[in-house]
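Below: one structure, written as structure tokens.
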There are 2 protein chains.
Amino acid sequence: MEMSRAVKALSALAHESRLAIFRLVIAAGPRGVAAGEIAERLEVPRPTLSFHLSQLTGAGLLEDRKEGRSVIYAARLKGISELLEYLIEDCCQGEVGGCAVPDLVVLKNCKPLGSDATGEQK
Amino acid sequence: MEMSRAVKALSALAHESRLAIFRLVIAAGPRGVAAGEIAERLEVPRPTLSFHLSQLTGAGLLEDRKEGRSVIYAARLKGISELLEYLIEDCCQGEVGGCAVPDLVVLKNCKPLGSDATGEQK
DNA sequence: TTTATATTTCTAAAAATATGGAAATGTCAC
DNA sequence: GTGACATTTCCATATTTTTAGAAATATAAA
């Protein structure tokens, strides 16, 4: 990932309303949430919401699809993991003990597929 | 972590120079880097750099210590992992297969301590 | 085709952030 | 002390981002 794309994604997340949108949509899973429902739940005026949603999709963090007359927003997994990966790219530089991202971060929440781990590793 | 702290941290990272600073400092490991060296390496004027560094430390992403007449900046591991954790908090909601943060993200870079994994897990 | 619904684009004004020169502060060596 | 160095604070300016009303677009139901 290039620097400028990472900055774009971080900028998209660096806003109270947009971070709330992002988390709401992530929590909704693959099904996604309609723009109108987001506006209602977060009490953001429609034009303002539309602006924020365009920032998030433009940054590759959300994706949208049409369904009837609604537009449904869902998390874009690839964009999200690329960003996280970029952030911690050089976190270990050899010395694993000093890693900036201890295993708890991911494993606490995400039991790897096909693994026999409990999610409470080590 | 509260929303407002997360926004602060993301805002700190959402800037070309600051993201470069962050990555430079992370890559330097626990030893850290002096402000002057960052300024030289990144070719940022001192007052501007000082402003950016204060954003990053204020956001809890870097920590500073004095050494002689230099100020050394290093990664603040706790702040970094708290932010990442907040971002992916609700990523799985039961359905592990749809996780927004596949295991590759962390494990590719960070072999857990005391593990016999190769870093190329699964 | 008329009407209601869902969302976005346009716009201009308000708010927040970034910039770097000059001056101030703190620290070490002589 | 004096002088050189390292970094930060002050500040005014410049730039970017955010905001939401009014108008435009698009789909669907009656």
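Because the structure is a prediction, the values reported are computed rather than measured.
One can place CD1 of B:Ile21 at 13 Å from C1' of C:dT19, the figure rounded to the nearest angstrom. The CD atom of A:Glu40 sits 12 Å away from the C1' atom of C:dA6 (whole-angstrom rounding). In this entry the distance linking CG of B:Leu62 with P of D:dT7 reads 15 Å, nearest Å. Rounded to an integer number of Å, the gap from CD1 of B:Ile38 to C1' of D:dT8 is 14 Å. Straight-line distance from the NE2 atom of A:His15 to the C1' atom of C:dA15: 11 Å, rounded to whole Å. Here C:dA16 presents its C1' atom at 10 Å from CZ of B:Phe51, a figure rounded to the nearest Å. Residue B:Leu49 contributes atom CG, which lies 17 Å from atom C1' of C:dT17 at whole-angstrom precision. Straight-line distance from the CG atom of A:Leu53 to the C1' atom of D:dT18: 15 Å, rounded to whole Å.
A distance-only check finds no donor-acceptor pair linking the side chain of B:Arg76 to the backbone of B:Ala59 [under 3.5 Å].
B:Ile26 has its side chain within reach of B:Ile80: a pair of non-hydrogen atoms, C-beta onward, lies under 4.5 Å apart. Between B:Arg18 and B:Phe51, some side-chain heavy-atom pair lies under the 4.5 Å cut-off. Proximity of A:Val44 to A:Ile21: side-chain heavy atoms (C-beta onward) are nowhere separated by under 4.5 Å. Within the 4.5 Å cutoff, side-chain heavy atoms of B:Leu24 are placed close to those of B:Leu42.
Listed nucleotides: C:dA6, D:dT19, D:dA20. Nearest to the side chain of A:Pro47: D:dA20. Looking at the side chain of A:Ser50, the nearest of the listed nucleotides D:dT27, D:dT19, C:dT9 is C:dT9. Side chain of B:His52, nearest nucleotide from C:dT5, C:dT8, C:dT19: C:dT19. Checking D:dT27, D:dT8, C:dT19 against every side-chain atom of B:Val71, the shortest atom distance belongs to D:dT8. Nearest nucleotide to the A:Arg69 side chain, out of C:dA4, C:dT19, C:dA29: C:dA4.
In this structure, A:Ser70 reaches the sugar-phosphate backbone alone: every heavy-atom distance under 4.0 Å involves primed, P, OP1 or OP2 atoms, never a base. Within the 4.0 angstrom heavy-atom criterion, only backbone atoms of the sugar-phosphate kind lie near A:Pro45; the bases stay farther away. B:Ala34 comes within 4.0 angstrom of sugar-phosphate atoms only, judged by non-hydrogen atoms across all strands, and of no base. Contact annotation for A:Gln55: backbone-only contact, meaning every heavy-atom pair under 4.0 Å involves sugar-phosphate atoms and none involves a base. Residue contacts shown for B:Glu37 are absent, as no nucleic acid heavy atom lies under 4.0 Å away.
OP1 or OP2 of C:dA6 has not a single side-chain nitrogen or oxygen of A:Tyr73 nearer than 4.0 Å. Taking only side-chain nitrogens and oxygens, A:Arg46 never comes nearer than 4.0 Å to OP1 or OP2 of D:dG21.
The environment of A:Arg65 atom CZ is dense: over 12 non-hydrogen atoms of other residues, nucleotides or ligands sit within 6.0 angstrom.
Of the two residues contacting DNA chain D, namely A:Lys66 and A:Ser11, the nearest-nucleotide position lying further toward the 5' end is that of A:Ser11.
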